[in-house]
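Notes to accompany the following structure.
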Amino acid sequence: MTETHPSICRFCHANCGILVDVEDGRPVRVTGDRANPAYHGFTCAKGRSLPDQHAHPDRLLASQKRGADGTYSAIASEQAMDEIARRVREIVDEHGPRSVALYPGTYSGPHPASIPSGVGWMIGLGSRMVFTSAAIDQPGKHVANAIHGRWLGGSHVFDESDVWLLVGNNPLISMSGGIPPSNPGRRLREAKARGMKLIVIDPRKAEVARFADLHLQPKAGEDPTVLAAMLHVILEEQRFDEAFCEANVAGMAELAERVAAFTPEYAAARAGLDASEIVAAARMFAGAPRDGETLRGCGVAGTGPNMSPHGNLTEYLLLALNTVCGRWRREGEVVPNPGALLPEAMPKAQALPARAGWGKGEHLRSRDLPNSAAGLPTGALADEILYPGEGRIRALFCIGSNPVAAWPDQLKTLEAMESLDLLVTLDMKMSATSRFADYVIAPKLSLEVPGISVSSEAIEQTYVAHGYPEPYAQYTPAIVEPPEGADVIEEWEFFYGLSKRMGIDLVAYPIRAETGALRGRREAFAFDMQKKPTTDEVLDGLMNGSRVPLDEVRAHPHGAIFDDVTIRVAPADADCQDRLDVGNADMMSELADVRNEAQDADGAYPFRLISRRLPNVYNSSGRDIDRLNGRKPWNPAFLHPDDLARLGLARGDLVEIRSARASIVGIAEPAPDVRPGVVSMAHCFGETPREEDGVADAARVLGANTSRLVDNEDVFDPHTGIPRMSAIPVAVERHG
Ligand SMILES: Nc1nc2c(c(=O)[nH]1)N[C@H]1C(S)=C(S)[C@@H](COP(=O)(O)OP(=O)(O)OC[C@H]3O[C@@H](n4cnc5c(=O)[nH]c(N)nc54)[C@H](O)[C@@H]3O)O[C@H]1N2
Ligand SMILES: Nc1nc2c(c(=O)[nH]1)N[C@H]1C(S)=C(S)[C@@H](COP(=O)(O)OP(=O)(O)OC[C@H]3O[C@@H](n4cnc5c(=O)[nH]c(N)nc54)[C@H](O)[C@@H]3O)O[C@H]1N2
Ligand code: SF4
Ligand SMILES: [Mo]
């Protein structure tokens, strides 16, 4: 008999509303839930393959312990926790708490209790060495928001906008970055029908760029130059919002002075565009000179420019563009999302002034890299593990993350993994990183645990114009039990178990808001250390202070929109003098450096390798699922047909892609949508060099790891430590 249950897909972070068919206690089919009021039945191939993921032959049904001979055998989860707690205690006693680090990655997202419990355990231990993937993702966003300041009324959202600018993101595939995650395709079609203008800046004509009114296809890594030139045009042609800037913005003169040198002609020559394209983009984004229309809209950047050099600057110039155009919610306006699982919005038409973007708290020994608004520099965590002496990290805990596949500079990452005293991964399979681990903790998978949509809502707290444009929320109970005989636990149960064994009172702290509309507070949640709570009790505790109580959300199994149009942006405080800052001195001096950069000096590496995402994989997940990989489990090297012809290459040929750091072998795929001179390739494929050597035709079986091309100490951001992970200079030639 088949039972059908509404649920939340958690294969990726988008939280689509789904229907799960269950037969004999196992999930057998996933479809989109048309009764879901925000997602309207959308799913992708990854979501539909959840049953295959849950039943995957490589899925771990018991935790694993590495033996003296390097092989793994099953260990009961309770015993694993006993042993790990003892090991951690020894390491901390000998080397201090700073020697223990935590790295939550992609699959800590779908489980709302994972990060709070992991971080709570670290705080209990006395270690602040928490590194997240945010610092190798879009760290520029965090830094820019800090040093620009935050508008307490919130930003304009996609669904109401007249114009939208996407700089190096592709939300139709990534489900992230600037178009709401709830059915972005439908929202884009509706916006276009409404007359919204879309501008895309991307060296590749990505899927979303096909809908663009203007697509600028610059050389990779030239975003600061292009954005500075757009600002140049907007300021010179008086297309900025003078009244808003007069009342709320500092640094206009500094900005104008710096962007003066970025004429459209200069920027166009440098970025490989026409000056007229830049002028058109500036005019389309800003609208008519002031006292005419006031447009609604926002510019949003993605991983592409954040991984290219000067990511902070790109994000900062984009905020400056939004701010000078006055793209913030004003007094009296209704807020689009008054809060569902977030606390109630208390928006105010005023600035929260800039704060430091970096420099507070811990510094790493590697290059004295500071903590930043994006957290500790994950791009340098391998160094912190490798550098000998006082302060070395000796134990690493990975929650749903895969450093060997994902960290920049794979060769160094491998060395780091080998030199740890203790490596524990919480992973559903023997991932590339788990194969270095002392213990691998086997987790329950998404359909086996209760879930809530809060991560998609809460992203507005850290990224401007992200999150839900309406107070939508969904709850799902566990849909199935884990397979019979499995010993699998939830991530929070692991940290609870460690805490209990180590005498730590586990407390979960709420995240700090950076960019969203001002909201009410959540309180820290103390776990009951005497009586182990259920996951539902933990979720209730974590969601304290939400505008809509979790129980009310539970009463709507297909998800619901909990409208309240009475919550409006309040006037500014009478004595408020606070301003947004568009003339930050560090950013202005970095912009001057960009203006003085030598161009195309490196003739040995004439191509630029850029990042991208593929629809059927999610970082390192999915490529081992047959119905997702279509029997092509590799990541093609997409090149323009003219480049391929010049190199004498055809589809399917092996190509060597070489950077100053390393070389990888890819498979050529003609792509007219890629700018000539660019190689576009997805990350997190391949394995380690040793494993690749042992496999015939490894490029076609395993793919290639683009992170191996990155040198994390060569070109990197001095504040966040992110190395150059896109726009990497490479040479491309036939292999073999
Ligand atoms: N060169 C290059 N490098 C990049 C990027 C790039 O564009 N180019 N992108 C960067 C970005 S944006 C990010 S966010 C990082 C991602 O970095 P990571 O998060 O470190 O990498 P993932 O491959 O997503 O790791 C997810 C792991 O979770 C496991 N997993 C799957 N399901 C579950 C589950 O239900 N529970 C648990 N506990 N584990 C599960 C998977 O098997 C996998 O090993 O990579 C970064 N690295
Ligand atoms: N299907 C799928 N979805 C995913 C993921 C996945 O692996 N697969 N990963 C998830 C993760 S971890 C994240 S962080 C998000 C990321 O979400 P996005 O930021 O939307 O990531 P991408 O889809 O890679 O889009 C990046 C775009 O930047 C362009 N680009 C590269 N370099 C530059 C540059 O220097 N300048 C400019 N202007 N553009 C550039 C690329 O051509 C590409 O189109 O996606 C998430 N969603
Ligand atoms: S977009 Fe993400 S959440 Fe939605 S169905 Fe696909 S994998 Fe699942
Ligand atoms: Mo990411």
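Counting starts at 1 for both ligands and their atoms, following the listed order.
In this structure, Arg34 places its CZ atom where only 12 or fewer heavy-atom neighbours from other residues, nucleotides or ligands lie under 6.0 Å away. Residue-environment remark: CD (Glu597) exceeds the threshold of 12 foreign heavy atoms within 6.0 Å. Counting heavy atoms of neighbouring residues, nucleotides and ligands inside a 6.0 Å radius, atom CZ of Arg29 does not exceed 12 of them.
A side-chain donor from one of Asn712 and Lys412 sits under 3.5 Å from a side-chain acceptor of the other. Checked by atom type, the side-chain pair Ser453/Asn15 shows no donor-acceptor distance below 3.5 Å. Thr43 and Arg48 share a side-chain donor-acceptor pair at under 3.5 Å. Between the side chains of Ser108 and Ser114, no donor-acceptor pair of N or O atoms lies under 3.5 Å. Using modelled atom types and a 3.5 Å distance limit, the side chains of Asn36 and Tyr472 yield a donor-acceptor pair. The closest side-chain donor-acceptor pair between Glu490 and Thr535 falls under 3.5 angstrom. Judged by distance alone, the side chains of Glu691 and Thr688 do bring a donor and an acceptor atom under 3.5 Å apart.
Two residues are said to be in side-chain contact when any heavy atoms from C-beta on lie closer than 4.5 Å; Ile610 and Arg612 fail this criterion. Taking the side chain as every heavy atom from C-beta outward, Ile489 and Lys444 never approach each other to under 4.5 Å. Put simply, the side chain of Phe11 reaches to within 4.5 Å of the side chain of Ser49, judged on heavy atoms.
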Between ligand 1 and the protein, which N/O pairs are shorter than 3.5 Å?
| unit_1 | atom_1 | unit_2 | atom_2 | d |
| --- | --- | --- | --- | --- |
| ligand 1 | 1 (N) | Thr706 | OG1 | 3.3 |
| ligand 1 | 1 (N) | Ser707 | OG | 3.1 |
| ligand 1 | 3 (N) | Ser707 | OG | 3.3 |
| ligand 1 | 7 (O) | His683 | ND1 | 3.4 |
| ligand 1 | 9 (N) | Arg613 | NH2 | 3.2 |
| ligand 1 | 17 (O) | Tyr103 | OH | 3.3 |
| ligand 1 | 19 (O) | Thr106 | N | 2.8 |
| ligand 1 | 19 (O) | Thr106 | OG1 | 2.8 |
| ligand 1 | 20 (O) | Tyr103 | OH | 2.7 |
| ligand 1 | 20 (O) | Asn402 | N | 2.8 |
| ligand 1 | 23 (O) | Ser620 | N | 3.0 |
| ligand 1 | 23 (O) | Ser620 | OG | 2.5 |
| ligand 1 | 24 (O) | Thr106 | OG1 | 2.6 |
| ligand 1 | 24 (O) | Asn619 | ND2 | 3.3 |
| ligand 1 | 25 (O) | Asn402 | N | 3.4 |
| ligand 1 | 28 (O) | Gly400 | O | 3.4 |
| ligand 1 | 36 (N) | Glu491 | OE2 | 3.2 |
| ligand 1 | 38 (N) | Leu426 | O | 3.0 |
| ligand 1 | 38 (N) | Glu491 | OE2 | 2.8 |
| ligand 1 | 42 (O) | Asp427 | OD1 | 2.7 |
| ligand 1 | 44 (O) | Asp427 | OD2 | 2.6 |
| ligand 1 | 47 (N) | Ala406 | O | 2.7 |

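Of all atoms in ligand 2, numbered sequentially from 1 with element shown, those under 4.0 Å from a heavy atom of Ser308 are 34 (C), 35 (O). Proximity to Leu614 (heavy-atom distance under 4.0 Å) selects the following atoms of ligand 2: 1 (N), 2 (C), 8 (N). Residue Ile173 has at least one heavy-atom neighbour below 4.0 Å for each of these atoms of ligand 2: 1 (N), 2 (C), 3 (N). The contact set between ligand 2 and Lys46, taken as ligand atoms under 4.0 Å from a residue heavy atom, comprises 1 (N). Listed by atom number, the atoms of ligand 2 under 4.0 Å from Asp223 heavy atoms are 34 (C), 35 (O), 36 (N), 37 (C), 38 (N). For ligand 3, the atoms lying closer than 4.0 Å to a non-hydrogen atom of Asn15 are 3 (S). Here is the list of ligand 2 atoms found below 4.0 Å of a heavy atom in Gly221: 34 (C), 35 (O). Each of the atoms 37 (C), 39 (N), 40 (C) of ligand 2 lies under 4.0 Å from some heavy atom of Pro203. Proximity to Pro615 (heavy-atom distance under 4.0 Å) selects the following atoms of ligand 2: 1 (N).
Residue Glu222 places every heavy atom at 4.0 Å or more from ligand 2. The closest approach between a heavy atom of Ser680 and any atom of ligand 2 is not below 4.0 Å.
For Phe285 and Trp164, the ring centers are positioned 6.0 Å apart or more.
At a 4.0 Å heavy-atom cut-off, ligand 2 does not touch Asn616 at all.
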side-chain contact (heavy atoms from CB on, under 4.5 Å) assessment of Asn169 paired with Asp202: CA-CA 8 Å; Asn169 42 8; Asp202 194 318; over 6 Å; no
Trace of the side-chain hydrogen bond (donor to acceptor under 3.5 Å, both in side chains) decision for Ser182 with Arg187: CA-CA 8 Å; Ser182 33; Arg187 286 177 197 270; 3.0 Å; yes
Residue pair Trp121, Tyr496: steps toward the ring-ring contact (aromatic ring centres under 6.0 Å, His included) verdict: CA-CA 8 Å; Trp121 173 70; Tyr496 180 88; over 10 Å; no
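Inspection of the environment of atom 6 (Fe) of ligand 3 yields the following protein N, O or S atoms under 2.8 Å: Cys44 SG.
For ligand 2, the polar-atom distance check against Arg204 finds no nitrogen or oxygen pair separated by under 3.5 Å. Taking only nitrogen or oxygen atoms, main chain and side chain alike, Ala206 does not reach within less than 3.5 Å of ligand 2. Of the polar atoms of Ile201, at least one N or O is found under 3.5 Å from an N or O of ligand 2, judged by distance alone. Considering backbone and side-chain N/O of Ala727, none are found under 3.5 Å from N/O of ligand 2.
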